[in-house]
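Only a predicted model underlies this, so the values are computations on that prediction, with no experimental measurement involved. Starting from 1, each residue takes its place in the sequence as its number.
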Amino acid sequence: MTTTSLTPQGAARRACAIWGLSARGISPLRAHATSVFLLPHAEAVIRVSRDEQRTSIQRAIDLTRWLASQGLEVTEPLAVSQPLDIRRYVITLWRHYPQPDGPPPGPEHLGRLLSRLHRLPEPPIELPAYRPHLALRPVVESSTALSPSDREWILGRSDELLDAYAHLDFPLGQGLVHGDAYPGNTLWDGSAARLGDWDEAAIGPRETDLANTFQGVRFGRTPAQLRAFSDAYGYDLADWQGLSVLTELRDLHTLGSFIRRADQGDREAAVQLAFRLDTLKSGDRTKSWAIH
């Protein structure tokens with residue numbers, strides 16, 4: 001007897017049945033570390049995550065509900081029993097924010113949101129300490145797509161950067177951080193922007209939330225956009241000597257989802273992974289990376 005593995009979309013359909021929602025017209029919005037599906041009849045999106053992320057996903061639901069009560073514009077979970085555990089997946093349901101034609105929110109919108117986030121009181125939710133590369137390293141160690149030499153290089157470079165990170169002085173201090181803050185995690189809601197994807201929220205140095213936008217030069221972010229981001233936040237990270245350590249940590253962090261996809265046979269992800277590794281090993285910061 002053989003069994004067919006459950007796909008993320010299949011898991012999303014099962015979740016709909018449990019919630020009593022119609023899955024008619026369900027369609028993929030994004031397939032990266034987390035698979036996201038539009039559920040048009042409920043004006044919602046379903047996020048299908050790996051089961052090892054359950055604890056962080058529960059925290060994200062609790063935290064976003066609290067952040068919304070504080071008046072911060074965040075993507076909000078819907079009022080259903082969640083998260084759901086279905087086979088090897090964890091399923092959550094969120095409000096859908098239809099995006100208008102035109103450009104997405106610019107970095108300045110993220111800067112304003114982070115400025116407000118970093119001024120909030122400590123949330124009544126237990127959050128972990130921010131630890132760079134906590135999720136990356138096991139992915140690298142277990143990968144079947146990476147060559148032994150690539151695996152050794154990534155882990156060795158991670159060790160070097162984590163050591164440098166441990167010796168940094170953070171002038172903005174410690175507090176609630178999003179953990180994966182970059183303009184790609186913002187959505188329009190009318191004329192305002194909302195910040196989503198809170199699975200990596202933690203207590204850590206506030207600079208870590210700012211550095212990801214600067215790392216975005218690999219995806220075409222311009223000096224003018226970086227100035228707008230810094231002006232909106234109220235602090236210019238470009239003047240801080242630890243910036244390169246954080247952007248290089250982020251460079252390696254972004255390899256994780258491509259490694260997972262390459263392990264699953266995704267040829268396009270494998271090509272982009274090889275390209276990123278080549279530029280990192282050579283120290284080339286001039287070549288642009290593909291976003292997905």
Which distance, rounded to the nearest 0.5 Å, do you find between the [atom1] of [X] and the [atom2] of [Y]?
{"X": "Asp85", "Y": "Ile91", "atom1": "CG", "atom2": "CD1", "result": "8.5 Å"}
{"X": "Ile154", "Y": "Glu141", "atom1": "CD1", "atom2": "CD", "result": "11.0 Å"}
{"X": "Leu176", "Y": "His178", "atom1": "CG", "atom2": "NE2", "result": "9.5 Å"}
{"X": "Leu246", "Y": "Glu207", "atom1": "CG", "atom2": "CD", "result": "7.5 Å"}
{"X": "Gln215", "Y": "His253", "atom1": "CD", "atom2": "NE2", "result": "9.5 Å"}
{"X": "Ile203", "Y": "Leu127", "atom1": "CD1", "atom2": "CG", "result": "5.0 Å"}

Decide yes or no for [X] and [Y]: does some side-chain heavy atom of the first lie under 4.5 Å from some side-chain heavy atom of the second?
{"X": "Gln9", "Y": "Ser35", "answer": "no"}
{"X": "Thr247", "Y": "Leu243", "answer": "yes"}
{"X": "Gln225", "Y": "Phe229", "answer": "no"}

Taking the basic N atoms (NZ, or NE/NH1/NH2) and the acidic carboxylate oxygens, is any pair closer than 4.0 Å for [X] and [Y]?
{"X": "Arg59", "Y": "Asp199", "result": "no"}
{"X": "Asp284", "Y": "Arg276", "result": "no"}
{"X": "Arg95", "Y": "Asp189", "result": "no"}

When you measure from the side chain of Arg221 to the backbone N and O of Leu226, does any donor-acceptor pair fall under 3.5 Å?
->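 Flag not set: sc Arg221 to bb Leu226 has no pair under 3.5 Å.
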Can you confirm whether [X] is buried at [atom1], in the sense that more than 12 heavy atoms of other residues, nucleotides or ligands lie under 6.0 Å from that atom?
{"X": "Glu152", "atom1": "CD", "answer": "no"}
{"X": "Arg131", "atom1": "CZ", "answer": "no"}
{"X": "Lys287", "atom1": "NZ", "answer": "no"}
{"X": "Glu268", "atom1": "CD", "answer": "no"}
{"X": "Gln174", "atom1": "CD", "answer": "yes"}

Given Val48, Leu29, Val45, the one that forms side chain to side chain contact (heavy atoms under 4.5 Å, CB included) with Phe37 =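 One option only clears the test, and that one is Val48.
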CA sep, side-chain torsions, deciding dist, call: Trp240, Tyr235, ring pair (Phe, Tyr, Trp, His ring centres under 6.0 Å) | CA-CA 10 Å; Trp240 179 58; Tyr235 178 82; 8.2 Å; no
Which residues share a ring pair (Phe, Tyr, Trp, His ring centres under 6.0 Å) with Trp188, sequence neighbours left out |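 By the ring pair (Phe, Tyr, Trp, His ring centres under 6.0 Å) rule, Trp188 matches His109.
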Taking distance alone, no hydrogens or angles, what donor-acceptor pairs closer than 3.5 Å link side-chain atoms of residues 16-28 to residues at least two apart or in another chain?
{"unit_1": "Trp19", "atom_1": "NE1", "unit_2": "Ser81", "atom_2": "O", "d": "3.0"}
{"unit_1": "Ser22", "atom_1": "OG", "unit_2": "Arg24", "atom_2": "N", "d": "3.2"}
{"unit_1": "Arg24", "atom_1": "NH2", "unit_2": "His41", "atom_2": "NE2", "d": "3.4"}

Within 45° of the six-membered ring axis of Tyr89 and under 6.0 Å from that ring's centre, is NZ or CZ of Arg47 located there?
->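 No.
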Under the salt bridge (charged side-chain N to carboxylate O under 4.0 Å, His left out) criterion, do Arg157 and Glu248 qualify, and how do the steps go?
-> CA-CA 9 Å; Arg157 184 58 182 148; Glu248 290 185 54; 2.4 Å; yes
Answer yes if Leu78 and Leu72 sit in the same cluster of Ile, Leu, Val, Met, Phe, Trp and Tyr residues linked by side chain heavy atoms under 4.5 Å apart, and no otherwise.
->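 Leu78 does not cluster with Leu72.
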Reference residue Glu73; test side-chain hydrogen bond (donor to acceptor under 3.5 Å, both in side chains); the match among Arg116, Arg194, Arg112 |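 Among the candidates, only Arg116 passes.
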Can you list the residues that meet the salt bridge (Lys or Arg N to Asp or Glu O under 4.0 Å) rule with Arg261, with sequence neighbours excluded?
->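 By the salt bridge (Lys or Arg N to Asp or Glu O under 4.0 Å) rule, Arg261 matches Asp266.
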